[in-house]
There are 2 protein chains.
Amino acid sequence: MSDIAKIFHALGDPTRRDMVERLTDAPLSVSKLAEPYAMSLTAVGQHLAILEAAGLVTTQKTGRVRTCALAQPGLDALGEWLAARRSPWARKLDALGDMLDE
Amino acid sequence: MSDIAKIFHALGDPTRRDMVERLTDAPLSVSKLAEPYAMSLTAVGQHLAILEAAGLVTTQKTGRVRTCALAQPGLDALGEWLAARRSPWARKLDALGDMLDE
DNA sequence: CGAATAGTCAAGTTAAAACTTTAGTGTTTG
DNA sequence: CAAACACTAAAGTTTTAACTTGACTATTCG
């Protein structure tokens with residue numbers, strides 16, 4: 001699964017997208033992050049693992065609490081993908097470059 | 001389902017994301033769009049409906065052929081969402097505005 | 001006009017995600 | 001040191017989404 005595939009798949013789920021939105025404001029522990037959702041802590045942990053694998057969230061464990069924060073790599077990759085669709089000339093240049101490489 | 005939810009859900013699927021990527025280069029008929037995929041034309045039509053509902057693709061039927069092209073509204077909405085995560089100060093200003101409204 | 005083309009509709013099947021339960025680890029607190 | 005806390009792992013269930021089949025409509029071509 002490519003990076004961009006992981007990112008879009010991760011953000012395709014409403015709960016995960018909401019988590020990212022809430023982490024925009026401030027870092028949160030797993031428990032705090034889980035509070036608003038009507039699901040088990042385990043389920044939240046699973047969502048978190050997906051966000052982390054996509055490079056959208058980083059976490060670090062101190063003692064028994066894991067703190068989650070927004071990560072740049074995922075957002076940056078998303079920005080690049082979007083830029084390529086919004087300025088088609090950039091994509092055409094890429095295609096030209098690929099052609100010249102052959 | 002909110003606009004941004006529709007957009008991320010739509011792009012969360014690999015086939016639909018590939019469709020959008022191919023439409024970045026040029027508009028295509030449904031049949032041409034379907035060619036690379038090992039699935040029925042019906043399935044492609046279903047994917048297309050989801051992309052259209054998300055504002056990522058527009059289509060128009062002329063005679064018996066439907067031509068599909070990339071649409072701005074979806075990409076713009078995605079850009080706005082992303083901008084809000086990448087510059088947290090913007091989001092904090094929004095929160096301040098909401099607070100002052102009360 | 002008949003056949004081929006391009007796409008669509010409704011309904012059912014299959015495959016993938018999300019979520020749960022149960023049980024457990026390491027960490028702090030009283 | 002026992003109990004509460006914060007999370008984690010494995011395995012099974014349920015829900016959702018993707019995809020198929022078969023039948024059908026409208027358009028173009030010979």
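- Straight-line distance from the CE atom of B:M39 to the P atom of C:dA15: 14 Å, rounded to whole Å.
- In this model, no side-chain donor or acceptor of B:T42 finds a partner on the base of D:dC19 within 3.5 Å.
- Look at B:H47 and you won't find any side-chain N or O under 4.0 angstrom from OP1 or OP2 of D:dA17.
- Between the CD atom of B:Q60 and the P atom of C:dA6 there is a distance of 18 Å, given to the nearest Å.
- When the C1' atom of C:dT8 is taken as reference, atom CG of B:L33 falls 16 Å away, rounded to whole Å.
- The distance from atom CG of A:L48 to atom C1' of C:dA18 is 15 Å, rounded to the nearest whole Å.
- The closest side-chain heavy-atom distance from B:L28 to B:R22 is below 4.5 Å.
- Taking a 4.0 Å limit (strictly below) on heavy-atom distances, residues 12-20 of chain B does not reach DNA chain C anywhere.
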Determine, stepwise, if the pair A:E52 / A:T58 fulfils side-chain hydrogen bond (donor to acceptor under 3.5 Å, both in side chains). CA-CA 6 Å; A:E52 205 170 356; A:T58 44; over 6 Å; no
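- The nearest whole Å value for the distance from the CG atom in B:L41 to the P atom in C:dA10 is 17 Å.
- No engagement by A:G45 is indicated, since no non-hydrogen atom pair under 4.0 Å with the nucleic acid exists.
- When the P atom of C:dA3 is taken as reference, atom CZ of B:R64 falls 16 Å away, rounded to whole Å.
- Along DNA chain C, the nucleotide closest to A:S40 and the one closest to A:T62 are compared, and the more 5′ of them pairs with A:S40.
- To the nearest angstrom, P of C:dT25 lies 13 Å from NZ of A:K61.
- Using the six-membered ring where Trp is involved, A:F8 and B:F8 have ring planes that are tilted, between 30° and 60° apart.
- The two residues A:R86 and B:G79 have their closest heavy-atom pair at NH2-CA, 3.6 Å.
- Considering all non-hydrogen atoms of both residues, B:I50 and B:R16 come closest at CD1-NH1, 3.4 Å.
- A:V44 and A:M39 get closest at one heavy-atom pair: CG2-CG, 4.0 Å.
- Between B:T42 and B:Q46 there is a side-chain heavy-atom pair separated by less than 4.5 Å.
- In this structure, B:R66 places its CZ atom 9 Å from C1' of C:dT8, rounding to the nearest Å.
- Within 3.5 Å, no donor on the side chain of B:Q46 pairs with an acceptor on the base of C:dT8, nor the reverse.
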